Amino acid sequence: MKKTLAFALSLSIATAATAQEDSFPILFTNVHVFDGVNEQRIENANVLVVDNLIAEVSSEPLAAANARIIDGGGRTLMPGLIDAHVHMAVTEPVADLRDNYDWMYWGAVSTIEAEKMLLRGFTTVRDAGGPAIGLQKAIDRGKAVGPRIYPSGPVISQTSGHGEHRVYNEPHPNFEGAQPSFFNQHLEFLADGVPEVLRATREALRLGATQIKVMAGGGVSSTVDPLHTVQYLPEELEAAVKAAEDWGTYVLVHVYNDDSILRSIDAGVISIEHAQLMTEVSAQAIKDADVWVVPFYSLLGIDAETVAKALGPLSAPKFLEVQAGARNQMRMLKEYEIEKVAFSTDIIGDPVALTKQNDEFKYRLEVWTSHEILQQATSKSAELLALSGKLNPYTAGPLGVIEPGAYADLLLVEGNPVEDVELLVDYEANIDLIMKDGVIYKSTLD
Ligand SMILES: [Zn+2]
């Protein structure tokens, strides 16, 4: 009877079922807990995990029948990392994927990269556009290994916007052309005017997006839209926001410049991605509107020669302009005491670059403390992702914190990352145990 029920419910309880295969509780002893929020660790603590959730956290001894005990040896136990802006399906150069491979190849490669991302300590990510919905399902059903994914589905772009990857002579689908391959592969939708934006938003929601990604200003990897461009009229942006809100979720926008940021905020967007070219005008607007900023600084580590080789003559100068704005942006976010800053890396198109995902921790040290950066990569990014509201796929408990009832997404780290977040850069050496949903995916302990 129980088996039949489990079978019948298998679609909805697949996540829990993964954890329940090893149904004994796990008791971490002798750990110092960074709970995702407080700078002061809970010293010499014990943490009990039952199934896929944290059951108890205490500095007193805990007892649990049949529990498997893991002696943390004085390491730090912290929530799994969250990257709020990745592209799981774009792990190789965009033009190469478009011209030479089919969706099967994309799926195979991104599955391999998803497992590597989990093993870098990232137990949850928000996918900021691309065909990651199937990957999310495969991972949640225990068929593939990787982080939890909040997928945005295909990015929504105006014609000649940042989601425009047709080759020059390829016709427009609404004039004389067939669907571009990236439409069919759910990387991007071209939509112009309110009705088309509404249709694209609703189609992304139909596919399974948990929030909607809109390209609202010039981008680097796209070659037809200069960085100074503002993309989408106010009414088009508002249409996307309203359609998303009707489903209980929100819009995130790709933007760099002030005009795009201001227009997006006015339209009701609550997650501002990148924004490296912002000035004080945007800093004040972001502060006043109390919206999220999701910047990335891993670009600071890339030299001009590498950029020229990787991006070519059209995109390389754009990259360098964005790179030049990054430090100024970081300083402003700090000076304006903007609290809603999420952790993100936005590394796309290169499996080697992806191995440097954790370098983001060291770049942020230029203005933020280790503690602030850890908050960004745990409880704060979790707060942002939870804004997907009724479409949130992970609702059994909070993510990004260590507290009773929270998901058992945990890392055991050598040393104290609250004082030295750079420990996480060398994830292979310093992250000794990785647990997601109560299941251990890496352990160097006995
Ligand atoms: Zn992106």
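Note that the coordinates shown come from a computational prediction; the quantities given were computed from them, not determined experimentally. Numbering of ligands and ligand atoms starts at 1, following listing order.
Here His87 meets the criterion, with an N, O or S atom under 2.8 Å of the Zn ion (ligand 1). When distances to the Zn ion (ligand 1) are checked against a cut-off of 2.8 Å, His85 contributes an N, O or S atom below that limit.
Between Glu273 and Arg126 a salt bridge is recorded (basic side-chain N to carboxylate O distance below 4.0 Å).
Here the closest non-hydrogen pair linking Gly80 and Leu411 is CA-CG, 3.8 Å.
The side chain to side chain contact (heavy atoms under 4.5 Å, CB included) test with Ile348 singles out one residue from His85, Glu92, His87, and that residue is His87.
Taking the Zn ion (ligand 1) as reference, Asp346 places its N/O/S atom OD1 nearest.
Ring-plane geometry between His254 and Tyr256 is classed as perpendicular, the angle between the planes exceeding 60 degrees on a 0 to 90 degree scale with a lower cut at 30.
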